[in-house]
Amino acid sequence: MNMDVQEYLPFLIPLLLLQLVLMVTALVMIIRQEHFKYLNKVVWIIIVLLLNIIGPILYFVLERR
């Protein structure tokens, strides 16, 4: 099985850009936010950093006002 990375780049680059935008947006919103419904600031930052796409989506769904 020979995998050519360049063959997958048209699919990987938009996915990586989406992940980067979601992560940066969520981190900025977490840093600016004072009160949280479910978790504290440090836990949200760890979740967003460790759970690539899922972490920011969880933050936006659970902490949206």
Side-chain angles (χ1 to χ4, degrees):
M1 183 173 195
N2 187 8
M3 294 181 63
D4 189 10
V5 175
Q6 291 186 355
E7 188 175 308
Y8 296 107
L9 280 180
F11 302 106
L12 291 176
I13 290 175
L15 188 63
L16 291 174
L17 288 174
L18 174 67
Q19 177 183 343
L20 182 67
V21 168
L22 284 173
M23 185 176 67
V24 169
T25 305
L27 287 174
V28 168
M29 290 179 71
I30 291 170
I31 290 171
R32 290 182 179 173
Q33 188 171 347
E34 295 294 327
H35 303 287
F36 296 88
K37 290 181 190 174
Y38 298 104
L39 301 171
N40 63 22
K41 187 178 283 191
V42 174
V43 174
W44 274 119
I45 289 173
I46 292 170
I47 288 173
V48 166
L49 290 176
L50 292 180
L51 298 178
N52 298 325
I53 291 179
I54 303 299
I57 291 173
L58 275 176
Y59 171 75
F60 292 131
V61 170
L62 296 176
E63 293 291 338
R64 185 176 173 192
R65 297 184 178 194

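One is the number of the first residue; the rest follow in order along the sequence.
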In short, side-chain hydrogen bond (donor to acceptor under 3.5 Å, both in side chains) pairs touching residues 13-24 with sequence neighbours left out are Gln19-Asn52
Say whether, by atom type as modelled, one donor and one acceptor occur between the side chain of Glu63 and the main chain of Tyr38 under 3.5 angstrom.
yes
Spell out, as yes or no, whether a donor-acceptor pair under 3.5 Å connects the side chain of Lys41 to the backbone of Glu34.
no
Which distance, rounded to the nearest 0.5 Å, do you find between the [atom1] of [X] and the [atom2] of [Y]?
{"X": "Phe60", "Y": "Leu58", "atom1": "CZ", "atom2": "CG", "answer": "11.0 Å"}
{"X": "Thr25", "Y": "Tyr59", "atom1": "OG1", "atom2": "OH", "answer": "10.5 Å"}
{"X": "Leu27", "Y": "Leu49", "atom1": "CG", "atom2": "CG", "answer": "5.0 Å"}
{"X": "Leu12", "Y": "Glu7", "atom1": "CG", "atom2": "CD", "answer": "11.0 Å"}

Hey, any chance [X] and [Y] share a hydrophobic cluster, counting ILVMFWY side chains that come within less than 4.5 Å of each other, even indirectly?
{"X": "Met29", "Y": "Leu50", "answer": "no"}
{"X": "Val48", "Y": "Val21", "answer": "no"}
{"X": "Ile47", "Y": "Ile31", "answer": "no"}
{"X": "Phe36", "Y": "Val61", "answer": "yes"}
{"X": "Met23", "Y": "Leu17", "answer": "no"}

Least distance between heavy atoms, Lys37 atom then Leu62 atom:
CD-O, 3.7 Å
Heavy-atom distance under 4.5 Å between the side chains of Leu20 and Leu16, does that happen here?
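Result no, sub-4.5 Å side-chain heavy-atom pair not found.
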With Ile45, which of Leu39, Asn40, Ile30 fulfils side chain to side chain contact (heavy atoms under 4.5 Å, CB included)?
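Checked Leu39, Asn40, Ile30 against Ile45; only one passes side chain to side chain contact (heavy atoms under 4.5 Å, CB included): Ile30.
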